[in-house]
Amino acid sequence: MSETLTKEYDNPMCRQAMSLPELIRSQYEDLEVKTRKVLSFQEIFNIQRVVLTGCGDSYAACMATKHVFEMLTGIQAEVVTAIDFGRYYSECHMGVDCQNPLVIAVSNSGRIARISEAVQRAKFHDCFVLGITGNLTSPLAQNSDKVLKLDIPPFESAPGTRSYMVSVMALLLLAVRIGEVRGMYTMDQAMDYRYDMKNQGDLLEALLPQMAETCAKMAEEWKDFPCFDFVGAGFDYAAAWFGQAKMLEATGKYSMHINSEEWFHLNCFAKDPEHIGTVVVSNTTNPGLSRTKDVIRYGKKLGRPMLVITDGDGAEGVSCVTVPSPKYPVNMPVTQFVPISLLAGYLSAMLGEQYGRGCEGPWSFCENGFCVQNNEIVLK
């Protein structure tokens, strides 16, 4: 039945997910060269701190790579929302006398007002800004010291799946390069990290058919649920955050993201647990794995319908979907989000929902990104 479902409810969002193996391979060839050249040796050695900033999916990509940046480069990294950096980030943490950070701002369109505001403020306070964008004429590119240009091939429009993955790849490859130049590991080791990333395309391609079947089956079982819960910790939290974003965009249903510890303090008390679709991201190399397993165990006690996304053997008594297990855990973010896009895509098709409510009726102010691109820029 599930194979029939994957064909019956195929849609642009699911097709984006199914296109990712080839996109990984092609984007690796493009980004590997660019990330080695975008920053000079001196610029890399000048880095004292890294601030990653973005909105929406770009913010999730920053979260997905924050810990990896620290592991690969030995440099303190923080993730700050664009509005926080533009309006609230303390001036005492910027400037040449204050361990001036490298600000990495991510936006494929480069036209988001808050990103423009954030990088303009960063420049005003003498921060070095690296913009990651597909639009060289955008405010982000124009206000950056250096630009890492994304060239994502055109595809059917759907809630960001391809663009999210490419942003994650760009950030990971950049971290590998910085760590390589700063002598954190050898050139051979750096290339092994890179080859492992490229290999995720082949591993994902092998797993996608079964992944799609499992997600279509879960969508059929969950399509009448009023809300969804996405849980992950540390390295896995960004995928959970991404999950609630895709579910909102694709279906319009109430969705939450939370880490595995806070779940016990908050979300586990939600009423009608048998009607809460609960997705748990469970990377087997995550230091927080034991707490994630607790969520699965007690979620079962509550009678929550659960789907566990894992690179391991899964959990007894709950539905699981297997994602690639990379040689190096730092590459896990490249593919672990894929089942989430498939699940949200199938649900959208089954429910007859338009992505982003079609930007119609009361949502008309969202059309063509108007509400995030056309608003006041406040500089201070």
Side-chain angles (χ1 to χ4, degrees), residues 17 20-21 24 60-61 63-72 164-165 168-169 171-172 175-176 185 189 192-215 218 229-244 257-264 277-301 304-343:
L20 294 180
I24 290 173
M63 287 193 292
T65 54
K66 184 264 190 194
H67 296 296
V68 176
F69 252 91
E70 294 183 330
M71 292 169 60
L72 291 179
Y164 172 75
M165 188 195 73
V168 169
M169 288 181 64
L171 287 166
L172 290 176
V176 170
Y185 32 80
Q189 180 63 70
D192 212 31
Y193 286 139
R194 294 181 179 113
Y195 291 146
D196 184 47
M197 177 184 296
K198 183 180 181 181
N199 189 49
Q200 298 312 295
D202 294 339
L203 296 179
L204 178 61
E205 190 167 53
L207 290 172
L208 264 173
Q210 185 59 49
M211 192 182 294
E213 287 191 26
T214 300
C215 292
M218 297 308 300
D229 209 6
F230 293 86
V231 189
F235 306 138
D236 300 334
Y237 182 69
W241 194 102
F242 181 82
Q244 61 90 34
H257 60 86
I258 197 163
N259 71 53
S260 56
E261 176 59 33
E262 294 304 314
W263 188 87
F264 286 96
T278 304
V279 178
V280 181
V281 187
S282 181
N283 168 8
T284 58
T285 64
N286 192 326
L289 179 62
S290 64
R291 201 53 168 149
T292 301
K293 288 182 176 180
D294 288 341
V295 171
I296 297 169
R297 180 166 68 254
Y298 290 107
K300 287 168 57 179
K301 284 183 176 292
R304 283 201 182 211
M306 305 184 81
L307 176 64
V308 176
I309 297 173
T310 181
D311 60 318
D313 297 329
E316 185 178 352
V318 298
S319 297
C320 297
V321 59
T322 302
V323 293
S325 180
K327 178 179 179 181
Y328 300 106
V330 294
N331 286 317
M332 183 66 70
V334 175
T335 56
Q336 70 177 166
F337 70 93
V338 178
I340 289 167
S341 289
L342 288 167
L343 177 65

- Query: Between Leu307 and Thr214, is any pair of side-chain heavy atoms under 4.5 Å apart?
  - Reply: yes
Listed partners of [X] passing side chain to side chain contact (heavy atoms under 4.5 Å, CB included), at least two apart:
X: Asp311; result: Asn283, Thr284, Val323, Ser325, Met332
X: Asp294; result: Phe264, Arg291, Arg297, Tyr298
X: Glu262; result: Ile258, Asn259, His265, Leu266
X: Leu208; result: Met18, Pro21, Leu204, Met211, Val338, Leu342

Contacts of [X] that satisfy ring-ring contact (aromatic ring centres under 6.0 Å, His included) - sequence neighbours left out:
X: Phe230; value: none
X: Tyr185; value: Tyr193
X: Phe69; value: none

For [X], all residues meeting side-chain hydrogen bond (donor to acceptor under 3.5 Å, both in side chains), sequence neighbours excluded:
X: Ser341; result: Thr161
X: Asp229; result: Trp263, Asn267, Arg304
X: Asn286; result: Asp236
X: Asp192; result: Lys327, Tyr328

